[in-house]
There are 2 protein chains.
Amino acid sequence: MVYSAKESKTRDAEATQVSILDAAEEEFARHGLKAARTETIAARTGVTKAMIYYYFQSKEKLYQAVLDRAFSEYVHLPKQLDLDQLPSDEALEQVVRGLLASVSCNQNIPQIMFHEAIQNHGEYYKQAGFLTVLSTMSAILERGMSEGDFRPLDAPHTAVNILGTCVFYCLGYENLKHFWPDKQMHSQKMLEQHTQEAIALVMAGVQRHENGEMSK
Amino acid sequence: MVYSAKESKTRDAEATQVSILDAAEEEFARHGLKAARTETIAARTGVTKAMIYYYFQSKEKLYQAVLDRAFSEYVHLPKQLDLDQLPSDEALEQVVRGLLASVSCNQNIPQIMFHEAIQNHGEYYKQAGFLTVLSTMSAILERGMSEGDFRPLDAPHTAVNILGTCVFYCLGYENLKHFWPDKQMHSQKMLEQHTQEAIALVMAGVQRHENGEMSK
DNA sequence: GTCTATACTGGGATAGAC
DNA sequence: GTCTATCCCAGTATAGAC
């Protein structure tokens, strides 16, 4: 995804389009559809505004193109079949780990999704990979309960709550950095720690424990 | 907060200002500072755009006023002293429960905070109540570990992860509704279920269990 | 395919009547 | 204190040269 094509000074339609899409993804993530400025996108891309309208007829069309590309590239989960082979707790850990990795490496998509949610009534979300993730997690949780690995819980609600834990750290970065004034939240070390703590919390949160009190 | 003063047709400066603030909070929550339209705020309020500039000199000043009011009203946590009296697990449950209640009853504030994070680099977040919530939770987690109630964990990271679980359901509502096509996510019943499931996940996630494997 | 220059519009802000 | 009318800039979109 994030490969810039600025170096070629010769005319290259393909490269220009990719370059515009990259800059647009960034801008839309930051500001949402309405507040995004085509001028900023053009400036970051290195081409002029006119080019944006040449390739993508309007800001809306460009937005749609960004979403389309993002959905096709985001969240490469382990295949359903592979997950079914694993014990439920290992399957869940795999999914959560994949999710955390995706979110850490490209925060633009979750940010765009959020803007979608509160501005555009989640119109595009149906197409997105996140619903798949939720369904997958929910199914694993159901299986884990029936196999006795997990405590009694409501699978869809718990899947949503897990997803919340996974995305919040990166989504709220600019706010949360005040909570860690002396650390770099995006450093390799911190991201790894976040991954580890999130997984620990989630796994402990769903697993059945011999003498633990059941929640119902 | 959400009390409208439209019914008085006589001139009432106080009521007009409150009315503007209410509408503005809504609009800023939906669109963020930049994309928010003063025209929309005025329309929703029932007064004209000019009034907004009469009372608040600019859109920015209005935004600041909305934030100031929100911070002073949001998240009424139990007093520090009361929490210290309780066993750590009960204290944590109290805080999480309070947080879930605040978020469910007014989603505007978390939404504004989110926009702050990704648009304005979290400038205002330092003032907000959320950092207090995080510190409070973190302290409780530390105490719980030292008293042997909680498993070994990183307190700040875990506090952030818990907060994520608490806010995500309401923040992502418009997206997540596609995941529950047959339910009303804002119904009393669903909100209660979310509260219950979130608390169950969090408490199970942090508590020490006799035979559970420690995460470190 | 890429640029410069410009037409057009939405919306922030203000002047002035009532 | 509240309204109407208007100014004017920022920003979308396009025409036309190269």
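Below, chain A is the first sequence line, B the second, and so on; all start at residue 1. The analysis underlying the following values was restricted to heavy atoms, covering all of them including side chains, and did not include hydrogens, waters or symmetry mates.
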When you check the gap from the basic side-chain N to the acidic O, do B:Arg69 and B:Asp22 get nearer than 4.0 Å?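 So B:Arg69 pairs with B:Asp22 through a salt bridge.
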
Please determine if A:Arg44 and A:Glu26 form a salt bridge, counting it only when a charged side-chain N lies under 4.0 Å from a carboxylate O.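 Not counted as a salt bridge, because no side-chain N and carboxylate O are separated by less than 4.0 Å.
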
Let me know the distance between [atom1] of [X] and [atom2] of [N], rounded to the nearest Å.
X	N	atom1	atom2	value
B:Ile52	D:dG1	CD1	C1'	14 Å
B:Ile20	C:dA13	CD1	P	14 Å
A:Gln57	D:dT12	CD	P	16 Å
A:Tyr54	C:dT4	OH	P	17 Å
B:Met51	C:dT14	CE	C1'	12 Å
B:Leu62	C:dG12	CG	P	11 Å

Any side-chain heavy atom of A:His194 within less than 4.5 Å of one from B:Asn161?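 Counting from C-beta outward, A:His194 and B:Asn161 do come under 4.5 Å.
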
Does any non-hydrogen side-chain atom of A:Phe168 lie less than 4.5 Å from one of B:Phe168?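 Counting from C-beta outward, B:Phe168 and A:Phe168 never come under 4.5 Å.
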
Checking only heavy atoms, does the side chain of A:Lys49 share a donor-acceptor pair with the base of D:dG11 at less than 3.5 Å?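 By the distance-only test, no, there is no pair.
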
Counting the atoms with a prime plus P, OP1 and OP2 as sugar-phosphate, which does A:Ala42 contact under 4.0 Å by heavy atoms, base, sugar-phosphate, or nothing?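 Contact class for A:Ala42: none.
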
Remember a base hit wins even if backbone is also touched, and classify A:Thr38 as base, sugar-phosphate or nothing at under 4.0 Å, heavy atoms.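 Answer is sugar-phosphate: A:Thr38 comes under 4.0 Å of backbone atoms only.
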
Between A:Tyr53 and D:dA13, does any side-chain N or O lie under 4.0 Å from OP1 or OP2?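 The answer is yes; a side-chain N or O of A:Tyr53 sits under 4.0 Å from OP1 or OP2.
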
Please tell me if B:Arg37 has a side-chain N or O lying less than 4.0 Å from either OP1 or OP2 of C:dG12.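 Yes, such a contact exists.
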
Can you identify which nucleotide, out of [options], has its nearest atom closest to the [X] side chain?
X	options	answer
A:Glu60	D:dA13, D:dT12, D:dG1	D:dA13
A:Thr48	D:dT2, D:dT12, C:dC3	C:dC3
A:Ser58	D:dA13, C:dC3, C:dG1	D:dA13
B:Val47	D:dC3, C:dA13, D:dG1	D:dC3

Mind checking whether B:His186 and B:Tyr173 have parallel, tilted or perpendicular rings, split at 30° and 60°?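 Aromatic pair B:His186/B:Tyr173 classed perpendicular.
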
Closest nucleotide of DNA chain C for A:Lys34 versus for A:Ala50: which of these residues is on the 5' side?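 Result: A:Ala50.
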
